[in-house]
Amino acid sequence: MEKDLKLGSGSLDRAGVLPLIAPSCTSQRKPLRWITALAVVAALFGTPSMQGQHAKPTEYEVKATYLYNFGKFVEWPPKDTHAESDSFPICVLGQDPFGSALNSILADATIDGKSVVAKRILTPQDGSNCRVLFISSSEETRLKQILVVLRGTSALTVSDLPQFTQRGGMVQFFLEGNRVRFDVNLTTAEQAGLTLSSELLKVASNVRRGPRLAD
Amino acid sequence: MQIDGMLTFRDYSIPRKLTWMNLLVSGTVLLLASSGFFAYDLYTFRKGTLRNLGIEAQIIGTNSISALLFDDPHSAENTLSALQSAPHVLFAEIYTPDGRAFAAYRRDRTGSFPPPPLIPAGQAQTYLFQSDQVALARWIAFQGRPVATIYIRSDLQAMHDREKSLAVIVGTVFLMSLLAAMWMSSVARRSIAEPIVRLAETARIVLSEKNYSVRASTTRERNEVSVLISTFNEMLAQIQERDAALGEAHNRLEQQVQERTAQLNTANADLEAFSYSVSHDLRAPLRHISAFSQMLSEEYGPKMDPIAQQHLNRIQNGVKNMGKLIEDLLKLAQIDRKRLVRVPTDLDALLKEVLTELEPEYASRRIDWRIGALPAVDCDPGLVKQVFANLISNALKYSRRRELAIVEVGQFEEDGTSVIFVRDNGAGFDEKYTSKLFAVFQRLHRAEDFEGTGVGLSTVQRIIRKHGGEIWAKGEVDNGASFFFALTTKRGNLLAAAQAAVSVR
């Protein structure tokens with residue numbers, strides 16, 4: 001709870017000038033039941049297609065949603081090859097762990113007026129048009145080569161693979177309890193010309209600068 | 001000026017009225033203005049409070065979007081904890097669109113709060129004032145889709161503080177304005193009310209002490225009040241002048257009356273003394289004449305020739321008449337000297353006595369007596385008996401040429417006074433000589449026709465007047481005479497009554 005508030009406090013100061021009168025701290029002490037009850041929160045948010053669905057989503061359903069949500073907080077370089085394209089491809093390289101979840105989540109989804117589509121690719125060369133590229137665990141042995149191939153593109157690389165961010169990836173999923181969290185390597189993203197929104201960095205578990213992707 | 005009793009506003013004195021009116025008017029105006037100010041300020045403040053709360057909710061929401069999208073309540077709580085710098089916020093909570101609580105902030109770490117107010121469809125936010133708190137709920141949208149509901153609860157401490165300080169300010173202004181109004185009303189009182197109050201006080205003094213020499217103090221101003229005061233003073237001056245003139249005239253009259261009374265008393269006394277002594281002194285020589293003519297008649301009567309005897313008779317008749325005259329004059333003089341003794345008297349009985357005494361005079365005549373009932377009155381019986389004797393003997397005398405003489409005695413009531421009359425059908429008199437009727441020695445008939453001294457009616461009038469009454473007569477030549485008298489009354493009423501009585505007959 002007691003984390004320091006970089007972004008939050010900055011924006012609130014603007015609102016903070018409004019109250020005129022100093023507060024009187026009349027506290028009503030109530031048992032802690034409320035807080036403990038509140039700590040248990042389900043793990044599915046924001047996706048329109050998921051609204052009203054009360055069954056607990058699976059891990060990969062959550063991850064699929066996140067792939068889509070990343071698109072909302074990343075800026076791609078303007079001079080990009082896929083700038084003219086009117087679709088927003090989210091690609092899966094290697095063995096697909098999502099099953100049907102990715103397609104159903106991305107149905108009707110749009111980002112910046114572009115319709116989001118799911119693509120399965122077999123080689124990194126096919127991923128040059130991808131905005132977000134999920135590298136499946138099946139590709140662990142080829143990871144270094146894949147990243148080298150992708151260096152020229154501006155795809156946001158995401159993976160479940162351990163130490164993905166240390167090995168030159170940009171976003172790495174991991175599980176914290178039954179909650180899906182992620183780390184970010186800001187340097188590699190910048191190398192690819194991507195700008196990650198501070199909002200995204202705020203919710204990342206770990207934001208590391210470097211290592212750079214080896215040449 | 002009154003103190004006791006229930007005083008309505010209408011009875012208040014003018015200064016008090018002025019003060020009250022001033023206070024009432026300024027109080028009302030102030031109250032209205034202050035309440036307007038108060039209400040407007042609170043309304044504005046409330047609006048501002050809501051606006052700020054909305055902005056705060058929006059900022060929190062916007063900063064929590066990524067936390068919501070990436071299921072990071074921790075991050076959202078971090079964002080929420082920034083509300084510590086807004087101490088009025090008691091509680092804030094973020095809900096997912098499907099209504100689950102996502103992250104919360106509590107100013108005092110604990111406490112449970114009622115659920116958020118329901119946002120009506122089509123609106124971005126709603127609020128609810130609950131006792132001393134305000135609850136606000138707001139949708140947060142991201143890229144056109146709702147991603148969260150922010151629920152913020154704030155205490156109204158600031159509003160209450162504002163109310164308190166406003167109340168103090170308004171109260172102070174109100175009080176000071178009232179004081180100013182009172183001060184101004186005291187100025188108004190000096191210039192308007194006080195002169196009037198002093199005038200009223202002066203009028204009261206004038207009325208209660210009958211003192212017309214006091215004057216109301218004047219003012220330096222020139223207005224209706226000063227005109228009123230100067231007019232009042234002028235009236236007082238006029239009254240005073242008139243009083244003085246009246247007093248002087250009164251004194252002069254008094255003095256004159258006293259002088260005249262003294263003169264009259266002297267004259268009366270002189271006259272009485274004179275007439276008494278004259279009558280008295282006349283008697284002595286008359287007795288000589290009577291005695292010697294008697295002796296002459298007795299001793300030399302047979303020797304005298306018939307002519308001498310006739311002359312002697314004439315002398316003796318003259319002496320007798322003169323004796324009678326002197327006797328009447330003495331009676332008249334006695335009336336003035338005698339004190340009036342009033343006793344309750346039965347006039348019926350008195351009249352009977354008189355008729356009995358006069359019986360020798362009319363015994364041989366035919367007379368129609370018409371005697372009415374007479375009242376009992378307070379009077380001097382001896383004197384009133386003389387009145388009846390005189391009037392009835394007059395009636396008999398002047399009616400003796402009638403074959404059948406009618407003598408009527410009666411009374412009638414007029415204005416609560418009884419009027420008694422004696423009427424005959426005799427020679428009567430000419431009414432143009434009525435004024436001479438009651439004068440001494442005045443006779444309307446020749447002595448050859450009806451003998452008499454001319455003192456009788458004079459005596460009657462004097463007796464009646466001595467009682468405080470009036471006597472008057474009506475008559476016509478050869479058609480009888482009527483004499484009316486009242487022993488105490490107002491003259492005018494009686495005259496009218498008498499005329500009425502006569503015209504009826």
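We name chains A, B, ... by the order of the sequence lines, and we start the count at 1 in each one.
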Between B/Phe142 and chain A, which part of the residue has a heavy atom less than 4.5 Å away: side chain, backbone, both or neither?
side chain

Side-chain donor/acceptor pairs under 3.5 Å, residues 165-183 of chain B, sequence neighbours excluded:
residue: B/Ser165; atom: OG; partner: B/Asp161; partner atom: O; Å: 3.2
residue: B/Ser165; atom: OG; partner: B/Arg162; partner atom: O; Å: 3.0
residue: B/Thr172; atom: OG1; partner: B/Val168; partner atom: O; Å: 2.6
residue: B/Ser177; atom: OG; partner: B/Val173; partner atom: O; Å: 2.6

Checking B/Ser66 against chain A: side chain, backbone, both or neither under 4.5 Å from a heavy atom?
both

Select one option (side chain, backbone, both, neither) describing which atoms of A/Phe182 are under 4.5 Å from chain B's heavy atoms.
side chain

Measure the acute angle between the ring planes of B/Phe70 and A/Tyr66, then classify it against the limits of 30° and 60° as parallel, tilted or perpendicular.
perpendicular

For B/Ser154, which atoms come within 4.5 Å of any heavy atom of chain A: side chain, backbone, both, or neither?
neither

Side-chain contact test, heavy atoms from C-beta onward, threshold under 4.5 Å: evaluate it for A/Glu199 versus B/Leu69 and give yes or no.
no

Roughly how far, to the nearest 0.5 Å, is CD1 of B/Ile65 from CG of A/Asn69?
11.0 Å

With a 6.0 Å cut-off (strictly less than), is the heavy-atom count around CD of A/Glu75, excluding the residue itself, greater than 12?
no

Do B/Asp72 and A/Arg179 meet the salt-bridge criterion of a basic N to acidic O distance under 4.0 Å?
no

Would you please test B/Gln143 and A/Thr110 for side-chain contact (heavy atoms from CB on, under 4.5 Å) and show each step?
CA-CA 10 Å; B/Gln143 294 188 346; A/Thr110 59; over 6 Å; no

Heavy atoms from other residues, nucleotides or ligands near CG of B/Leu118 exceed 12 (cutoff 6.0 Å)
no

